[in-house]
Amino acid sequence: MAESNASVIDLALDTLRKEKQAIIFVNTKRSAEKVAEDLSTKLKELSPVAQEMSEKVLHSLQKPTVQCERLAKCVRKGIAFHHAGLVHHQRELVEEGFRSGVVKIIAATPTLAMGVDLPAFRVIMRDVKRYTHQGYTFIPVLEYHQMCGRAGRPNYDTYGEAISIASTEDEREELIDRFIKGKPEAIYSKLAVEPVLRTHLLSLIASNFVNTKKQIMDFFEQTFWAFQYKDMHRLEMIICKMLDLLEEWEFVVSNAEDFKSAGELEDTKYRATFMGKRVAELYLDPLSAFHLVTCIRKSTSRQIVPFSWLQMVSNTLEMRPLLKARTREYDQIQQVLVEYDSKLLQDEPSMFEPEYEDFLNSVKTAMFFHDWIGEKEEDYLLKTFDIRPGESRAKLDIADWLLYSAEDLARILQFQPLLKELERVRVRLKYGVKEELLPLIRFKHVGRVRARMLFRNNIRDVGDVKKADLATLTQILGKQTALSVKEQVGQELEPVKPGKRKGQIALHDYRE
DNA sequence: GGACGGTGAAACTTCAGGTTGCCTC
DNA sequence: GAAGTTTCACCGTCC
């Protein structure tokens with residue numbers, strides 16, 4: 001055990017002796033799990049309430065992953081870890097457990113300080129540095145305060161403790177100077193970040209909030225961004241560049257041509273196209289929207305498979321950070337590339353171009369999605385792609401949104417044959433099922449597991465469900481679900497429930 | 001002698017999180 | 001930059 005961990009554990013044990021609670025902040029998900037685990041091995045099993053909670057934690061997914069087992073084991077001792085890799089339900093369980101006092105100590109990444117309001121008697125700051133693109137650097141003072149701010153529970157404690165750990169006297173001085181005496185860093189406007197600017201510019205035009213170039217400039221002159229940078233000339237140049245792009249991408253139209261000779265560019269009028277309005281409504285970054293449009297147009301000249309769409313949505317800013325293609329995985333990714341070479345909607349950039357790495361990452365991300373709709377289990381995904389359930393849910397959510405957007409754009413661009421295809425991929429992604437389970441997944445209370453069980457028992461569509469007798473269905477699905485499914489095909493074998501017409505088929509989230 | 005297990009040093013590997021976007025029978 | 005993990009050499013024990 002690392003030395004710093006030993007002192008962290010001591011502090012945590014001391015907190016327990018005082019019959020108080022603590023949050024330990026660390027800088028990686030792995031560390032959070034490790035600290036919680038190390039601590040839990042030093043403790044005895046707790047109350048039956050903790051056992052009960054541990055069971056809930058373990059069965060938050062269809063099938064427990066190693067992560068679930070690890071957390072469940074800690075919770076049994078009143079310890080937990082908390083980071084974005086946990087599924088929403090597990091995070092809630094941990095937070096709730098802490099509030100009710102079942103969980104005494106949480107080892108967490110900054111997630112816990114960001115959203116949730118979870119005060120503790122003691123906050124232990126194990127790490128005050130974090131790896132970023134600039135190297136291993138101190139966390140912002142603002143964030144340090146945010147985390148320490150969790151110390152002290154307003155209605156229970158008269159005071160709280162936030163403890164940082166230094167290994168030398170010099171380090172102690174540095175921590176005090178930087179985080180306690182030091183000023184929080186200034187806040188800078190993010191409007192100058194291109195994706196943000198693009199999105200806002202388009203939405204301003206689409207909502208008719210501004211129309212002429214003069215109005216646009218007047219608007220941005222009033223923003224915090226302009227106030228901070230004061231360089232309106234540079235700002236104007238950036239905005240003009242953006243406007244040109246939006247026009248080139250056919251999200252806005254202008255009458256700029258009319259003014260070419262007159263020199264009255266200020267009066268140039270901008271108006272969003274139908275597609276531009278939709279892009280703004282979907283809250284898409286126009287660059288991503290253009291990427292989707294380009295892919296949709298290209299789709300007619302390619303042999304399209306689900307992987308094509310998965311790679312398309314993977315290569316967007318929204319999907320970042322992408323799964324990282326490791327050096328030792330290059331061979332495997334190359335194999336996939338060979339297989340899907342002619343089927344991708346984006347040409348492979350040259351190995352020497354800067355976007356090549358992102359391209360490989362997007363392929364790896366698509367491989368993850370592909371395995372998910374190939375009915376691979378979460379535990380497999382965790383081991384293969386190093387993506388935890390909470391993270392994979394977040395990615396799937398974004399993919400769903402982008403595919404929905406793509407579907408909408410395809411409709412606007414009159415690519416009708418694509419609609420069904422995109423919808424199918426969307427449903428498959430939502431439930432994580434192979435193509436053949438699509439008819440079954442439409443039933444309420446039937447997810448990937450039950451659908452697969454039905455399929456294995458030769459019940460493969462609505463007709464089969466109708467034909468199957470209740471006993472068989474009950475054996476496969478259990479009594480309640482079997483009855484529900486039968487009801488959904490219009491065979492009510494129990495007293496008719498009010499409000500539901502006979503013969504009505506419940507089609508949730510998916511229409512043929 | 002060889003299989004096995006425990007130990008510890010050295011060599012690798014990897015590193016937080018994210019809000020809101022849509023639609024909904 | 002450092003924590004965490006994996007690998008590997010080394011040693012002792014047991015059969």
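A quick note: this is a predicted structure, and the numbers were derived from the prediction, not measured. Protein chains get the first letters and strands the later ones, always in sequence-line order, with residue 1 at the start of each.
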For [X], all residues meeting ring-ring contact (aromatic ring centres under 6.0 Å, His included), sequence neighbours excluded:
| X | value |
| --- | --- |
| A:Phe138 | A:Phe179 |
| A:Tyr330 | none |
| A:Tyr404 | none |
| A:Trp249 | A:Phe290 |

For a quick check of understanding: with a heavy-atom distance under 4.0 Å over all strands, which category does A:Lys129 fall into, base, sugar-phosphate or nothing? nothing
Using a heavy-atom cut-off of under 4.0 Å over every strand shown, decide if A:Glu143 touches base, sugar-phosphate, or nothing. base
Polar-atom pairs under 3.5 Å, protein N or O versus N or O of nucleotides 19-22 of chain B: list them with distances, or write none.
from: B:dG21; atom 1: O3'; to: A:Glu281; atom 2: O; distance (Å): 3.4
from: B:dC22; atom 1: OP1; to: A:Glu281; atom 2: O; distance (Å): 2.9

Counting only heavy atoms from other residues, nucleotides and ligands, does the tally under 6.0 Å from NZ of A:Lys277 exceed 12? no
Separation of [N] [atom2] from [X] [atom1] (nearest whole Å):
| X | N | atom1 | atom2 | value |
| --- | --- | --- | --- | --- |
| A:Lys29 | B:dG17 | NZ | C1' | 8 Å |
| A:Glu407 | B:dT24 | CD | C1' | 13 Å |
| A:Leu322 | B:dT14 | CG | P | 17 Å |
| A:Tyr136 | B:dT14 | OH | C1' | 12 Å |
| A:Phe138 | C:dG1 | CZ | C1' | 11 Å |
| A:Glu391 | B:dA16 | CD | P | 8 Å |
| A:Gln146 | B:dG17 | CD | P | 15 Å |
| A:Leu403 | B:dC23 | CG | P | 16 Å |

Hey, could you give me each pair passing salt bridge (charged side-chain N to carboxylate O under 4.0 Å, His left out) that has a residue in [range]? Not counting sequence neighbours.
| range | value |
| --- | --- |
| residues 182-197 of chain A | A:Glu194-A:Arg198, A:Glu194-A:Lys241 |
| residues 394-403 of chain A | A:Asp400-A:Arg426 |
| residues 105-118 of chain A | none |

Qualifying residues under salt bridge (charged side-chain N to carboxylate O under 4.0 Å, His left out), relative to A:Asp371, sequence neighbours excluded: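 Salt bridge (charged side-chain N to carboxylate O under 4.0 Å, His left out) check on A:Asp371 returns nothing, list empty.
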Once salt bridge (charged side-chain N to carboxylate O under 4.0 Å, His left out) is applied, do any residues pair with A:Arg70, and if so which ones, sequence neighbours excluded? A:Glu33, A:Glu37
What residue among A:Glu487, A:Gln488, A:Gln480 forms side chain to side chain donor-acceptor pair (under 3.5 Å) with A:Ser484?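 Of the listed options, the one satisfying the test is A:Gln488.
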Less than 4.0 angstrom between a side-chain N/O of A:Thr111 and OP1 or OP2 of B:dA16, yes or no?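 Checking B:dA16 against A:Thr111, no side-chain N or O comes under 4.0 Å of OP1 or OP2.
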At less than 4.0 Å, is any side-chain N or O atom of A:Lys444 found next to OP1 or OP2 of B:dC25? Yes or no.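 For B:dC25, neither OP1 nor OP2 has a side-chain N or O of A:Lys444 closer than 4.0 Å.
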Rounded to whole angstrom, note down the P distance from B:dG18 over to C:dA2.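 These two P atoms come out 27 Å apart once rounded.
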Is there a donor in the side chain of A:His82 and an acceptor in the side chain of A:Glu95, or the other way round, less than 3.5 Å apart? yes
Compare the minimum distances between each of C:dA3, B:dA16, B:dG18 and the side chain of A:Arg126, then state the nucleotide with the smallest one.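 The answer is C:dA3, which lies nearest to the side chain.
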The nucleotide from B:dC15, B:dA16, C:dT5 with an atom nearest the side chain of A:Arg70 is C:dT5
Residue matched to C:dC14 through Watson-Crick or wobble contacts both under 3.5 angstrom: B:dG2
Taking N or O atoms only and anything under 3.5 Å, show me the protein contacts with nucleotides 9-13 of chain B, one pair per line.
none

Using a 4.0 Å cut-off on heavy atoms, which residues in residues 88-96 of chain A reach DNA chain B? List them by number, or say none.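 Residues of residues 88-96 of chain A under 4.0 Å from DNA chain B: none.
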